[in-house]
A.B. asks: 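Just dropping this structure here.
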Amino acid sequence: MVLMDNLPDQLIWEIFNRIKNTIDRNSVSLTCKRFYNLENEQRKHLRVGCGLNPANEALTCLCNRFPNLNKVEITYSGWMSKSGKQLEDPGLSILANICPLLTDLTLSYCTFITDAGLSSLSSCSKLSSLKLNFTPRITGSGIFSIVSGCKDLKKIHLIRCLNISNVEWLECLGKQETLQDLCIKNCRGIGEGYLVKLGPTWRNMKRLQFEVDSNYRYMKLYDRLAVDRWQKQWVPCENMTELMLTNCMISPGRGLACILDKCKNLEKVHLDMCIGARDCDIIGLAENSKNLRAISIRVPSDFSLPLLMDNPLRLTDNSLKSLAQNCTQLESVSLSFSDGEFPSLSSFSLDGILSLITTCPVKSLFLDRVYSFNNTGMEALCGSDYLQTLELTRCQEISDEGLECVARYPWLRVLRLTKCLGVTDDGFKPLIGLCKLEQLVVNDCPQVSLKGVQGAAKSVSYKQDLSWMY
């Protein structure tokens, strides 16, 4: 028998690595002094927030206890004044001075951190990942100070940082050519036209997520100067594998439309409410991105299009057929329409959707308000040799007749139905006792009862809230 005292340190570290719950790890570390010291040396990740009180003293104590920290997350979500003072600028100086191995820092809802505090992190030479979520006192000057000091930044996420407008830091990143992952969401002072300042860094970019505040979008659409910059500069983005755009302008020569057909190694594309997307954009994307594995498209309402263009433009089956022809590795497809879309004006016909699903090895299919998809489409899916997950939301042309076809899908394991008016308990009867589905989720379908879905899958989740109908 081997005693715990005789176990090598490396093995005990491996045991600690397998304990994911922080409370459990703390409990184990208190078993004996040796475990306590080994845990202190092995701990690499620290997540603190409202319980950090008094903030500076507590953070100093924790950083001294765990000398090898390389990832720190400070979040004050749900903070109230009675929780004690938040961490302020001196706290970031503590991090910079006591955590020389810091590579990953996240600040969420840190409303008292300013540019001065952020600039103290410029001495963290190993910092490669910075994530800021609702830090309203930080401006572009603070971002510039940390970008100019930390020469190895590979990931920057800025979410709801409302006062960042100075974009000199983008030019600085462009010169360093280290950035690989950039996420900018709802930062009103950063327009999509400014991203052209990244220059040569586009060559190294692997992931871009850009989301424009939907209430602020129309004020930035016609920035002519930004448009001219995009048109004049070549954007080398051949290495990008993931592109997610929300509420962006997709139109000839405007902003991020310029990169859609230049990304040759894309694996995942998400276009959500991007005004002006046309068939030629998706066709160019499909012809150049042969490795595409997942695509998600949410089409804006018709009502917004005439405000922005002389002739309303729509995506059609030509886009889907080009994807089917060129993207032979496509495994995940999501198609949806916004609230204002009329059922009779759906851009994609049933034939277009089926051409994509039957040609590509689609394992996951999500349809939201796609009124062209009906019982005939459900019947056609019986011939799919790959489909494992099917999610239908507000697909009102599907009835029990179509739902009964699910029992004949060869590989389907997960079915999710949300707000579908045409299905009833009768549609689930062929699935009762079949043990075919691993998971069935039924939400807010008014004609479906809990009793009607019991036994239709190994795991059943049912929720009924009909307030959306009124």
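From a predicted model like this one, the values you see are computed outputs, not experimental measurements.
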A.B. asks: Would you compute the distance between atom OG of Ser334 and atom CG of Leu365 and round it to the nearest 0.5 angstrom?
C.D. replies: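 Ser334 OG to Leu365 CG: 8.5 Å, rounded to 0.5 Å.
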
A.B. asks: After noting the C-alpha distance and the side-chain angles of Val406 and Leu412, does the key distance pass the side chain to side chain contact (heavy atoms under 4.5 Å, CB included) rule?
C.D. replies: CA-CA 8 Å; Val406 171; Leu412 193 70; 3.6 Å; yes

A.B. asks: Please answer whether the main-chain N or O of Leu87 pairs with a side-chain N or O of Tyr76 as donor and acceptor at a distance below 3.5 Å.
C.D. replies: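 Pair found, side chain donor or acceptor close to backbone of Leu87.
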
A.B. asks: Considering all heavy atoms of both residues, which atom of Pro361 and which atom of Thr328 are nearest to each other, and what is their separation?
C.D. replies: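 Reported closest heavy-atom pair: CD-O, 3.1 Å.
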
A.B. asks: At their closest point, which heavy atom of Leu330 faces which heavy atom of Cys360, and how far apart are they?
C.D. replies: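 Where Leu330 meets Cys360 most closely, the heavy atoms are O-CB, 3.7 Å.
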
A.B. asks: Is there side-chain contact between Leu415 and Val441, with at least one heavy-atom pair below 4.5 Å?
C.D. replies: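 Sidechains of Val441 and Leu415: no contact.
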
A.B. asks: Got Arg47 and Thr75 here, is their nearest side-chain heavy-atom distance under 4.5 Å?
C.D. replies: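 They are in side-chain contact.
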
A.B. asks: Ignoring hydrogens and angles, tell me if any N or O in the side chain of Ser119 forms a donor-acceptor pair with the backbone of Ala116 under 3.5 Å.
C.D. replies: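 Such a contact is found between Ser119 side chain and Ala116 backbone.
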
A.B. asks: Quick one: pull up CG in Asn443 and NZ in Lys419 and give me the separation to the nearest 0.5 Å.
C.D. replies: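 One finds 9.0 Å between CG of Asn443 and NZ of Lys419.
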
A.B. asks: For residues 144-154, which residue pairs qualify under side-chain hydrogen bond (donor to acceptor under 3.5 Å, both in side chains), counting only residues two or more places apart or in two chains?
C.D. replies: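 Listed once each, the pairs are Asp152-Lys154.
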
A.B. asks: Just by modelled atom types, is the Asp465 backbone N or O under 3.5 Å from a matching donor or acceptor in the Asp444 side chain?
C.D. replies: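 Yes; judged by distance alone, with no hydrogens or angles, the pair exists.
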
A.B. asks: Can you measure from OH (Tyr386) to OG (Ser364) and round to the nearest 0.5 angstrom?
C.D. replies: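 Going from the OH atom of Tyr386 to the OG atom of Ser364 covers 16.0 Å.
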
A.B. asks: Mind listing the closest non-hydrogen atom pair of Glu242 and Met244 along with its distance?
C.D. replies: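 Result for this residue pair: OE2-CE, 3.1 Å.
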
A.B. asks: Might you point out which heavy atoms bring Cys50 and Ser77 nearest each other, and give the distance in Å?
C.D. replies: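 So the two residues come closest at SG-O, 4.1 Å.
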
A.B. asks: So do Leu367 and Thr393 actually touch side chain to side chain, heavy atoms under 4.5 Å?
C.D. replies: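 When only atoms from C-beta onward are counted, Leu367 and Thr393 do not touch, as no gap falls below 4.5 Å.
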
A.B. asks: Kindly give the heavy-atom pair with the smallest separation between Glu287 and Asn326, and that separation in Å.
C.D. replies: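 Answer, listing the atom of Glu287 first, then Asn326: CG-ND2, 3.9 Å.
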
A.B. asks: Any side-chain to backbone donor/acceptor pair from Thr135 onto Leu132? Under 3.5 Å, distance only.
C.D. replies: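 Side chain of Thr135 to backbone of Leu132, a donor-acceptor pair under 3.5 Å: no, none is there.
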
A.B. asks: What's the separation between atom CZ in Phe348 and atom OG in Ser336, rounded to the nearest 0.5 Å?
C.D. replies: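 Answer for the CZ-OG pair, Phe348 versus Ser336, is 9.5 Å.
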
A.B. asks: Stepwise, does the side chain to side chain contact (heavy atoms under 4.5 Å, CB included) test hold for Val333 with Leu335?
C.D. replies: CA-CA 7 Å; Val333 174; Leu335 303 175; 4.0 Å; yes

A.B. asks: Quick one: does Ser289's side chain have a donor or acceptor within less than 3.5 Å of a partner on Cys263's backbone?
C.D. replies: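 Such a contact is found between Ser289 side chain and Cys263 backbone.
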
A.B. asks: May I have all residue pairs that pass side-chain hydrogen bond (donor to acceptor under 3.5 Å, both in side chains) and include part of residues 168-177, sequence neighbours excluded?
C.D. replies: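 Residue pairs with at least one partner in residues 168-177: Glu171-Lys197.
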
A.B. asks: Carefully, step by step, assess Asp115 and Thr139 under the rule side-chain hydrogen bond (donor to acceptor under 3.5 Å, both in side chains).
C.D. replies: CA-CA 7 Å; Asp115 291 342; Thr139 70; 2.4 Å; yes

A.B. asks: What residues, two or more places apart in sequence or in another chain, satisfy salt bridge (Lys or Arg N to Asp or Glu O under 4.0 Å) together with Glu438?
C.D. replies: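 Residues passing salt bridge (Lys or Arg N to Asp or Glu O under 4.0 Å) with Glu438: Lys458.
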
A.B. asks: Assess the residue pair Asn239 and Trp202 against the criterion (side chain to side chain contact (heavy atoms under 4.5 Å, CB included)); give the C-alpha distance rounded to whole Å, side-chain angles, the decisive distance to 0.1 Å, and a yes or no.
C.D. replies: CA-CA 8 Å; Asn239 293 317; Trp202 280 103; over 6 Å; no

A.B. asks: Quick check: closest heavy atoms across Gln439 and Ala457, and the distance to 0.1 Å?
C.D. replies: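 Where Gln439 meets Ala457 most closely, the heavy atoms are C-CB, 4.1 Å.
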
A.B. asks: How would you list, by chain and number, every residue that makes a side chain to side chain donor-acceptor pair (under 3.5 Å) with Gln86, sequence neighbours excluded?
C.D. replies: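 Gln86 satisfies side chain to side chain donor-acceptor pair (under 3.5 Å) with Thr111 only.
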
A.B. asks: Just wondering, do Ile164 and Cys187 contact through their side chains at under 4.5 Å, heavy atoms?
C.D. replies: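 They are not in side-chain contact.
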
A.B. asks: Are Glu192 and Cys248 side-chain neighbours, meaning at least one heavy-atom pair lies under 4.5 Å?
C.D. replies: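 Sidechains of Cys248 and Glu192: in contact.
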
A.B. asks: For side chain to side chain contact (heavy atoms under 4.5 Å, CB included), just list the numbers for Ile74 and Thr106, CA-CA rounded to whole Å, side-chain angles, deciding distance to a tenth of an Å, and then say yes or no.
C.D. replies: CA-CA 6 Å; Ile74 302 173; Thr106 299; over 6 Å; no

A.B. asks: Give a yes or no on whether Lys363 atom NZ has more than 12 heavy-atom contacts from other residues, nucleotides or ligands under 6.0 Å away.
C.D. replies: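 Open: at most 12 neighbouring heavy atoms sit under 6.0 Å from NZ of Lys363.
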
A.B. asks: Decide yes or no for Ile184 and Leu182: does some side-chain heavy atom of the first lie under 4.5 Å from some side-chain heavy atom of the second?
C.D. replies: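 They are in contact (side-chain heavy atoms under 4.5 Å apart), so the answer is yes.
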
A.B. asks: State whether the side chain of Trp79 and the backbone N or O of Gly84 hold a donor-acceptor pair below 3.5 Å, judged by distance alone.
C.D. replies: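 Yes, the answer is positive, given that a donor and an acceptor are paired below the 3.5 Å cut-off.
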
A.B. asks: Under a 3.5 Å distance rule, please check whether Asn247 uses its side chain to pair with a backbone N or O of Val212 as donor and acceptor.
C.D. replies: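 Present.
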
A.B. asks: Tell me, do Leu195 and Leu208 make a side-chain contact under 4.5 Å, heavy atoms counted?
C.D. replies: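 The answer is yes; the side chains approach within 4.5 Å.
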
A.B. asks: Working note: Arg413 + Gln388, criterion side-chain hydrogen bond (donor to acceptor under 3.5 Å, both in side chains); need CA distance, chi angles, decisive distance, verdict.
C.D. replies: CA-CA 5 Å; Arg413 295 295 177 265; Gln388 298 177 11; over 6 Å; no

A.B. asks: Donor-acceptor check, side chain of Ser319 to backbone of Leu315, threshold 3.5 angstrom: yes or no?
C.D. replies: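 No; zero donor-acceptor contacts below 3.5 Å.
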
A.B. asks: Pairing donors with acceptors under 3.5 angstrom, does anything connect the side chains of His157 and Asn133?
C.D. replies: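 Side chains of His157 and Asn133: no pair found under 3.5 Å.
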
A.B. asks: To the closest 0.5 Å, what do you measure between CZ (Arg293) and SG (Cys327)?
C.D. replies: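 If we round to the nearest 0.5 Å, Arg293:CZ and Cys327:SG are 11.0 Å apart.
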
A.B. asks: Indicate whether any N or O donor in one side chain lies under 3.5 Å from an N or O acceptor in the other, for Asn288 and Lys262.
C.D. replies: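 There is no such pair between these side chains.
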
A.B. asks: Rounded to the nearest 0.5 Å, what separates atom CG in Asn204 from atom CG in Leu179?
C.D. replies: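 Output value for this atom pair is 8.5 Å.
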
A.B. asks: For Lys131, check salt bridge (Lys or Arg N to Asp or Glu O under 4.0 Å) against everything at least two apart and list the hits.
C.D. replies: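 Lys131 satisfies salt bridge (Lys or Arg N to Asp or Glu O under 4.0 Å) with no other residue.
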
A.B. asks: Heavy atoms, side chains only, cut-off 4.5 Å: are Ile357 and Ile353 in contact?
C.D. replies: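 SC-SC contact between Ile357 and Ile353 confirmed.
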
A.B. asks: Are more than 12 heavy atoms, taken from residues, nucleotides or ligands other than Gln325, located less than 6.0 Å from that residue's CD atom?
C.D. replies: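 Open.
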
A.B. asks: For Phe112, look at atom CZ and say whether over 12 heavy atoms of other residues, nucleotides or ligands are found less than 6.0 Å away.
C.D. replies: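 Yes.
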
A.B. asks: Show your working on side-chain hydrogen bond (donor to acceptor under 3.5 Å, both in side chains) between Tyr462 and Gln464 and close with a plain yes or no.
C.D. replies: CA-CA 7 Å; Tyr462 176 85; Gln464 189 74 289; 3.1 Å; yes

A.B. asks: Is a side-chain donor or acceptor of Thr103 paired with a backbone partner of Asn70 at a separation under 3.5 angstrom?
C.D. replies: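 Yes; judged by distance alone, with no hydrogens or angles, the pair exists.
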
A.B. asks: Ignoring hydrogens and geometry, is there a side-chain-to-backbone donor-acceptor pair from Thr241 to Leu266 under 3.5 Å?
C.D. replies: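 No.
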
A.B. asks: Is Arg369 positioned over the aromatic face of Phe337, cation under 6.0 angstrom from the ring centre and no more than 45 degrees off axis?
C.D. replies: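 So Arg369 doesn't make the cation-pi contact.
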
A.B. asks: Any salt bridge (charged side-chain N to carboxylate O under 4.0 Å, His left out) involving residues 75-102? Give me the pairs, sequence neighbours left out, ordered by first then second residue.
C.D. replies: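 Non-adjacent pairs meeting salt bridge (charged side-chain N to carboxylate O under 4.0 Å, His left out): zero.
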
